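Here the structure comes first, spelled out in structure tokens, and everything after it is commentary.
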Amino acid sequence: MEGLKDGIMETENTEARPLNFLEKIIEDDLKAGRVPDNVIVTRFPPEPNGYLHIGHIKSICINFGLAQKYGGRCHLRLDDTNPAKEDMEYINSIKSDIHWLGFDWGNYEYYASDYYDQLFDIAVRLIKEGKAYVDSLTPEEMKEYRGTLTEPGKNSPDRDRPIEENLDLFMRMKNGEFPEGKYTLRAKIDMASPNINMRDPALYRIKYAEHPRTGKKWCIYPMYDFTHPISDAIEGITHSICTLEFEDHRPAYDWATSIDGIEHAPHQYEFARLNINYCLMSKRKLLYLVQNNFVTGWDDPRMPTISGIRRRGYSPEAMKDFVSRVGVAKVEGVVDYSLMEFCVREDLNKRAKRLMAVLDPLKIIIDNYPEGQVEYFEAENNPEDPESGKHKVAFSKELYIEKEDFMENPVKGYHRLYPGNEIRLKHAYYVTAVSVDKDEDGRITAVHCTYDPESKGGTTADGRKVKGTSHWVSADHALVAEVRQYDKLFKAECPGQATGNYLDDLNPDSLVVIEKAYIEEEAGNAKPGDYLQFIRNGYYMADSKDSTPEHMVFNRTVTLKDSWSKMKAKMGL
RNA sequence: UGGGAUGUAGUGUAAUGGUAACACUGCAGAUUCUGGUUCUGCCUUUGGGGGUUCAAAUCCCUCCAUCCCAGCCA
């Protein structure tokens, strides 16, 4: 399997990299003999309430990567304890996204709902031991009783309910005798704890939502703080790794794993989640964008979801490299979007097939080229990879180049086509602009050139140099395609920071559609999944949903680095 | 102002008592049949203040800043 192979290579390559704090903990544990059978067991535990996003890639790489590096295993566990929000669609997308990244959980696919019976039995035992009670406080009352950050809470009147009564009520909760909200099961810990999570946390609540896996079997569902640590213990997880916001839950985690009868309690470790500027990494907000049609779906190429970036043309290798460059630590920071783009470009540069596409066409006519003649030139598929071969491109008297590649009155530093200047048409001939045709409004409709027949293939015997090389397509041979120029979804580094509403920072130019771009014939063979570079324009991929042989659609994955436009900006153009 | 965490170039991450570094960004230049790639160079760093020590990013004290927590969400 390709992904697995990559993973192993990655492990080998990173041998020299300094250990991150999780690796140090694991190596210490291994050395000290604290790991049962010396097998590291991690888990990736998403809640199936949305699509996985770039932030999850970090967690996936940490959990699967650690297991791979230390010869252990990583479980996939869907944390499905809130049927009101969860859905089979999400479960399926999560699995396919992890596979796309090249990771595999083998037979270790688990669901928190697999443990509902065991969890229930443990809850009953807690009640019998006087460590849990059924509470009739309403949500509002419970909030009141909980106290505040600075004041302790107070005990619920139901806290000392007799064990038998608790047992009876809990059974009746399970049997569906009460409406939602009527009762909860709570752990009896400490209402005065400075840690709010320890102020008698809810263990079970009543919910009549249909569960994607257990259907209507249950009407009470266990809470995260109860479910997660016990699920970890059941599966023999050795290192339970989560994000920083769960630090405050660690005492609750330890409380649950120290319940009598739970063997080899795992430990929870927390790392800083991945934040990237110009991106939103909140499932709730992403869901809002989807539901309100600010984007076309979870897999809109502008979305920071795994399915979105895949459709856009990002490669799993690039993203794994990105995550590894970001590193693992406990500092809450924001990574530059430019680092992600760098990783994507670096990977795509090695693998993308080079093609010519003219997105904003300007006709050029080679006056001294024979009418009706067609020549085919060989174009290398990828100069970075000599093994990648060549393909043919048709050349004829009438061609298109980019409007941007011609200036009637060139600015300083411009070394593309302008009257009297000679440039190279990539793979083909040297041409010199001689005159322009204009319409009655003075707009240029075509540029007349002459070519040097001695420059065939792009070089001349006299060895003279030209400063500019343009890509082009033959007007008679070009195919027409739709090109979707994607850019950042948000125009602000931190969406919502300025006005308090992230919708205000949506980038109005995040998608610019070019209905009719001219592409060379070879591009007609491109399929979704093929990494392409339209020379001098950027990296592209055929759209997996909308592209058909009759109407090809290409997504811009990322632009090329562009020092010319930077220079233009500096000159105020 | 309760509790939990975190502060190292613009950004991210190393250095665990012994010369503060790597990558990205930015800037400058060379190379180039992509103003891409590649190569070279430059810029900029230990939150503040004390203390211990021959020596502190690292240990101690203190102050400051930022983040997380008051769901019957995860």
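Note on naming: letters A, B, ... go to the chains in the order of the sequence lines (proteins, then strands), and numbering restarts at 1 for each one. These numbers come from a predicted model, not from an experiment.
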Could you pull out the protein-nucleic contacts involving nucleotides 64-66 of chain B (nitrogen or oxygen on both sides, under 3.5 Å)?
none

Could you tell me whether [X] contacts a base, only the sugar-phosphate backbone, or nothing, with contacts defined as non-hydrogen atoms closer than 4.0 Å?
X: D562(A); result: sugar-phosphate
X: S563(A); result: sugar-phosphate
X: H471(A); result: nothing
X: Y221(A); result: nothing
X: V466(A); result: nothing

Polar pairs (N or O, both sides) under 3.5 Å between protein and nucleotides 38-45 of chain B?
none

Under 4.0 Å between a side-chain nitrogen and a carboxylate oxygen: does that hold for [X] and [Y]?
X: R213(A); Y: D114(A); result: yes
X: R354(A); Y: E380(A); result: no
X: D254(A); Y: R250(A); result: no

[X] vs [N]: side-chain N/O to OP1/OP2 distance below 4.0 Å:
X: R536(A); N: G35(B); answer: yes
X: K330(A); N: G7(B); answer: no
X: T81(A); N: A74(B); answer: yes
X: R199(A); N: C69(B); answer: no
X: K561(A); N: U37(B); answer: yes
X: R273(A); N: C68(B); answer: no
X: T469(A); N: G35(B); answer: no

_Whether the side chain of R345(A) and the base of U37(B) hold a donor-acceptor pair under 3.5 Å is what I'd like checked._
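Flag unset: no donor-acceptor pair detected.
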*Does G49(B) sit syn or anti, given that only angles within 90° of 0 count as syn?*
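Here the answer is anti: the torsion falls beyond 90° from 0.
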Scan nucleotides 27-29 of chain B against the protein and return all N/O pairs shorter than 3.5 Å with their distances rounded to 0.1 Å.
none

Extract from the structure each pairing of a protein N or O with an N or O of nucleotides 8-12 of chain B at less than 3.5 Å, listing the distance.
residue: G10(B); atom: N2; partner: D336(A); partner atom: OD2; Å: 3.3
residue: U11(B); atom: O3'; partner: V334(A); partner atom: O; Å: 3.1
residue: U11(B); atom: O2'; partner: V334(A); partner atom: O; Å: 2.9
residue: G12(B); atom: OP1; partner: V334(A); partner atom: N; Å: 3.2
residue: G12(B); atom: O2'; partner: V326(A); partner atom: O; Å: 2.6

*How is the base pairing of RNA chain B summarised as a dot-bracket string, given the Watson-Crick and G-U wobble criteria with both distances under 3.5 Å, [ ] for crossing and | for another strand?*
.((((((..((((....[..)))).(((((.......)))))....(((((..]....))))))))))).....
*Would you mind reading off the distance between N195(A) atom CG and C69(B) atom P, rounded to a whole angstrom?*
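Those two atoms, CG and P, are 12 Å apart.
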*Within this structure, what is the NE2-to-C1' distance between H249(A) and C69(B), rounded to whole angstrom?*
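The distance from NE2 of H249(A) to C1' of C69(B) comes to 7 Å, rounded to the nearest Å.
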*Kindly confirm whether the side-chain ring of Y224(A) is stacked on the base of A74(B), judged by centres under 5.5 Å and planes under 30°.*
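Here the ring of Y224(A) and the base of A74(B) are not stacked, as the 5.5 Å and 30° limits are not both satisfied.
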*Taking the six-membered ring for Trp, are the ring centroids of F377(A) and Y429(A) within less than 6.0 Å of each other?*
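Yes - the distance between ring centres of F377(A) and Y429(A) falls below the 6.0 Å cut-off.
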*Those residues that, when tested against H211(A), pass ring-ring contact (aromatic ring centres under 6.0 Å, His included) (two or more places apart)*: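 H211(A): ring-ring contact (aromatic ring centres under 6.0 Å, His included) contacts with Y116(A), Y221(A).
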_Whole-Å C1' distance, U1(B) and U44(B)_ =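 After rounding to an integer number of Å, I get 38 Å for this pair.
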*Using the P atoms only, state how far U8(B) lies from U58(B), rounded to an integer number of Å.*
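U58(B) and U8(B) have their P atoms separated by 13 Å.
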*With a distance cut-off below 6.0 Å to the six-membered ring centre and an angular limit of 45° from the axis, does K174(A) pair with W218(A) as a cation-pi contact?*
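Judged by the rule, K174(A) and W218(A) form a cation-pi pair.
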